[in-house]
Asker: 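Before I ask anything, here is the structure I am working with.
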Amino acid sequence: MASLLQAIVDPKKNWFAAQHMKAVSKRLRKYGLRYDDLYDPYYDVDIKEALNRLPKEVVDARHARLKRAIDLSMKHEYLPENLQAMQTPFRSYLQEMLTFVKRERTERESLGGLPLYQRTLP
């Protein structure tokens with residue numbers, strides 16, 4: 001079942017998934033965002049912890065992209081075409097750390113240990 005689901009959502013194997021990925025990429029390029037910028041740290045504490053563990057430069061670049069996207073959205077504008085061509089929407093900076101944080105949390109839970117960080121949301 002899991003392999004079937006992976007085949008359905010894999011853009012290399014499914015034409016519809018590839019078209020969806022292309023549409024999302026085009027939309028993200030218009031605002032200069034990356035896919036990892038869409039993760040909300042208030043929604044999941046693991047994301048918040050992964051962002052806290054990333055280098056300051058990476059987090060600052062994320063905030064700059066989000067501010068630029070909000071500004072462009074408020075002005076009802078898009079990035080210029082030459083800047084859109086330079087964007088890399090699916091270049092990940094958060095997934096590796098997020099996987100590590102989730103693996104660490106499940107390991108601590110399986111061993112019966114207390115979490116390293118408070119697991120409450122505001």
Side-chain angles (χ1 to χ4, degrees):
M1 182 66 173
S3 63
L4 175 65
L5 184 61
Q6 287 177 349
I8 290 172
V9 297
D10 186 11
K12 296 174 186 167
K13 297 179 181 178
N14 187 343
W15 182 82
F16 291 110
Q19 294 304 310
H20 174 70
M21 186 174 175
K22 185 177 175 183
V24 170
S25 175
K26 185 177 179 182
R27 192 78 179 256
L28 290 174
R29 284 177 196 266
K30 287 181 179 182
Y31 292 105
L33 291 172
R34 290 187 180 172
Y35 190 76
D36 287 351
D37 294 337
L38 303 178
Y39 287 113
D40 186 8
Y42 293 113
Y43 180 72
D44 188 2
V45 180
D46 290 336
I47 294 169
K48 183 177 181 180
E49 180 64 23
L51 285 171
N52 286 339
R53 294 183 185 189
L54 287 175
K56 186 177 182 340
E57 299 83 29
V58 174
V59 176
D60 288 345
R62 177 182 196 264
H63 290 303
R65 284 190 301 272
L66 288 169
K67 285 180 182 179
R68 178 179 59 190
I70 291 169
D71 182 52
L72 288 169
S73 177
M74 294 297 288
K75 293 177 180 177
H76 299 283
E77 295 178 1
Y78 298 126
L79 277 179
E81 292 292 331
N82 59 345
L83 289 178
Q84 285 185 30
M86 295 177 4
Q87 301 303 312
T88 55
F90 288 104
R91 185 175 177 194
S92 179
Y93 63 90
L94 184 63
Q95 287 300 321
E96 188 175 310
M97 186 61 72
L98 184 59
T99 304
F100 179 74
V101 168
K102 287 187 181 212
R103 191 174 343 127
E104 184 180 81
R105 178 180 49 84
T106 56
E107 180 180 353
R108 288 183 74 72
E109 287 176 356
S110 68
L111 295 175
L114 296 174
L116 287 175
Y117 46 93
Q118 185 65 30
R119 298 204 45 88
T120 61
L121 294 173

Asker: Mind checking what makes salt bridge (Lys or Arg N to Asp or Glu O under 4.0 Å) contact with R65, not counting sequence neighbours?
Answerer: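 R65: salt bridge (Lys or Arg N to Asp or Glu O under 4.0 Å) contacts with D37.
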Asker: For the pair L33 and R27, evaluate side-chain contact (heavy atoms from CB on, under 4.5 Å) and give the outcome as yes or no after the intermediate values.
Answerer: CA-CA 9 Å; L33 291 172; R27 192 78 179 256; over 6 Å; no
Asker: Please report the closest heavy-atom contact between P41 and R62, naming both atoms and the distance.
Answerer: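 Nearest heavy atoms, P41 then R62: CD-NH2, 4.2 Å.
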Asker: Do K102 and D44 pass the side-chain contact (heavy atoms from CB on, under 4.5 Å) test, and can you show the C-alpha distance, the side-chain angles, and the key distance before you say yes or no?
Answerer: CA-CA 11 Å; K102 287 187 181 212; D44 188 2; 3.9 Å; yes
Asker: May I ask you to list the residues sharing a hydrophobic cluster with L111, side-chain cutoff 4.5 Å, ordered by chain and number?
Answerer: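 None; L111 is a cluster of one.
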Asker: Does a side chain donor of either R29 or S25 reach within less than 3.5 Å of an acceptor in the other side chain?
Answerer: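 Yes.
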Asker: Are the charged groups of E49 and R53 less than 4.0 angstrom apart, N to O?
Answerer: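 Result for this pair is yes, salt bridge flagged.
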Asker: To the nearest 0.5 angstrom, please state how far the CG atom of L94 sits from the OH atom of Y39.
Answerer: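 Going from CG on L94 over to OH on Y39, the span is 7.0 Å.
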Asker: Let me have the donor-acceptor pairs involving side chains of residues 73-89, under 3.5 Å, with sequence neighbours excluded, atom names and distances please.
Answerer:
residue : atom : partner : partner atom : Å
K75     : NZ   : D71     : OD2          : 3.2
Q84     : NE2  : L79     : O            : 2.7
Q87     : NE2  : L83     : O            : 3.1

Asker: So, D60 and K56, do they make that salt bridge, N to O below 4.0 Å?
Answerer: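 Looking at K56 together with D60, the answer is yes, because their closest N to O distance falls below 4.0 Å.
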Asker: Can you tell whether the side chains of R105 and E109 come within less than 4.0 Å, N to carboxylate O?
Answerer: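 Salt bridge: yes.
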Asker: If you count heavy atoms of other groups shown closer than 6.0 angstrom to CD of E96, is the number above 12?
Answerer: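 12 or below, so no.
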Asker: What I'd like to find out is whether the side chain of V58 reaches to under 4.5 Å of the side chain of H63, using heavy atoms alone.
Answerer: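 When only atoms from C-beta onward are counted, H63 and V58 do not touch, as no gap falls below 4.5 Å.
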Asker: From the options I47, L54, L51, D36, select the one residue that forms a side chain to side chain contact (heavy atoms under 4.5 Å, CB included) with L98.
Answerer: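 Exactly one candidate clears the test, I47.
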Asker: Check whether any side-chain heavy atom of R34 sits under 4.5 Å from a side-chain heavy atom of F90, and report yes or no.
Answerer: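 They are not in side-chain contact.
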Asker: Do the side chains of W15 and Q19 get nearer than 4.5 Å, heavy atoms only?
Answerer: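 They are in contact (side-chain heavy atoms under 4.5 Å apart), so the answer is yes.
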Asker: Count the heavy atoms belonging to other residues, nucleotides or ligands that lie under 6.0 Å from CZ of F100, then report whether that count exceeds 12.
Answerer: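 Not buried by this count: 12 neighbours or fewer within 6.0 Å.
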Asker: More than 12 non-hydrogen atoms from neighbouring residues, nucleotides or ligands closer than 6.0 Å to OH on Y35, yes or no?
Answerer: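 Not buried by this count: 12 neighbours or fewer within 6.0 Å.
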